[in-house]
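Each remark here refers to the structure printed beneath this line.
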Amino acid sequence: MNNKILLIYTGGTIGMVNDPVTNSLVPLNFKHITSQVPEINNFDCQIDSYEFESPIDSSNVNIEFWKTLVSIIKQKYQQYDGFVILHGTDTMAHTASALSFMIQNINKPIILTGSQLPIGTIRTDGKENLITSIEVALAKHFNKPVVNEVCVCFENKLFRGNRVSKVNAEYFNAFSSENYPVLADIGIHINYNESYFLKSSEKTPIFNDRLDPNVAVMKVFPGMTNQYVNAFFNIPNLKALIIETYGAGNAPTDEWFLELLKQAEQKNIVLVNVTQCKGGSVNMGQYETSTYLKQIGMVSAHDMTIEATLTKLMFLMGNGATGEILKKAIEKPISGEIY
Ligand code: ASP
């Protein structure tokens with residue numbers, strides 16, 4: 001039994017039970033999960049666990065949570081062949097993106113998984129997701145891990161972590177990665193699409209937990225008011241504003257709107273253009289309705305997900321990038337999050 005996997009339990013539906021008083025789902029401890037999945041004892045490996053003191057619904061994920069997660073992986077990194085993180089689905093894409101920036105140069109798998117139905121329920125998807133994630137984390141090729149990046153494993157697919165979004169609150173296939181191919185199709189066999197993988201790093205891993213929260217996300221919508229837009233620019237200490245635009249990066253061309261964006265640029269607030277679409281890319285200049293944004297100095301998130309853009313900004317700003325340096329850095333790949 002040479003291989004060692006660390007299972008990190010943070011919370012999420014997978015470990016939840018119904019609270020009879022409130023009749024809503026609340027997280028329970030890790031023993032509850034392992035007792036429901038005795039199959040994990042059949043793996044020919046050592047599986048250790050680390051349980052967050054108070055498991056959370058992932059709606060409560062915050063920067064402190066990410067720092068804790070990074071520090072656990074940092075402490076245990078050399079001792080284990082791979083990591084499986086049990087996490088709620090609501091912000092799994094955010095956490096996967098954040099980890100992909102905060103932990104770089106890795107040569108082993110960090111797999112996030114969870115479920116849509118609690119593990120104690122008869123039709124749960126949690127058992128299969130957990131077992132498959134462990135199998136992926138254990139996969140080796142010539143004695144080296146097959147996967148060397150942060151991934152999300154969910155309902156028969158392995159995704160690059162910073163390329164997924166949660167797209168469905170009902171069906172088991174809750175995640176999609178519209179702008180990057182799946183890393184593995186999981187059926188009777190696990191078929192790895194190795195040409196899409198990040199390469200195993202020869203360098204020393206970097207654990208970097210500096211994140212700056214001074215970023216905001218503004219969605220454009222038909223009928224938005226001057227007051228709505230203005231409110232964002234009155235946020236104290238705001239360093240970057242992600243603007244979720246239409247289609248290929250288009251936004252209204254009302255003068256008051258463009259004027260507010262110009263003023264923000266002058267105040268050194270970095271404006272980042274992300275599309276509201278789940279697939280495709282921002283292409284400023286394709287339509288006149290985005291040409292102005294480009295002229296003002298807005299930077300393109302290209303084909304990044306909103307989750308990756310947000311956490312990348314926090315990471316870059318946390319590490320001192322502002323203004324023009326931040327604009328250049330946001331368009332440069334860190335961990336395969338952008339084409
Ligand atoms: N609210 C839950 C969470 O994100 C949903 C889930 O896990 O599926 O923790």
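Counting convention: from 1, in listed order, for ligands and their atoms alike. It should be emphasised that the depicted structure is a prediction, and the values quoted were computed from it without experimental measurement.
Protein heavy atom nearest atom 4 (O) of ligand 1, with residue, atom name and distance: S58 OG, 2.5 Å. Here the heavy atom of the protein found nearest to atom 8 (O) of ligand 1 is T89 OG1, 2.4 Å.
Taking each heavy atom of P27 and P55 in turn, the nearest pair found is CG-O, 3.5 Å. Residues K108 and N148 approach most closely at N-OD1, 3.5 Å, considering heavy atoms.
For a threshold of 3.5 Å applied to N or O pairs, the pair formed by S115 and ligand 1 contains at least one separation below that value.
Those atoms of ligand 1 that come under 4.0 Å of a heavy atom in G12, given as number and element, are 7 (O), 9 (O).
F65 and F52 have tilted rings, their planes meeting at an angle from 30° to 60° on a 0 to 90° scale.
Remark: K166 is not positioned above the aromatic ring of F175, lacking an NZ or CZ atom under 6.0 angstrom from the ring centre and at most 45 degrees off the axis.
The side-chain heavy atoms of I330 and L313, taken from C-beta on, include a pair separated by under 4.5 Å.
Nearest to atom 7 (O) of ligand 1 by heavy-atom distance, out of D90, V61, D57, T13, is T13.
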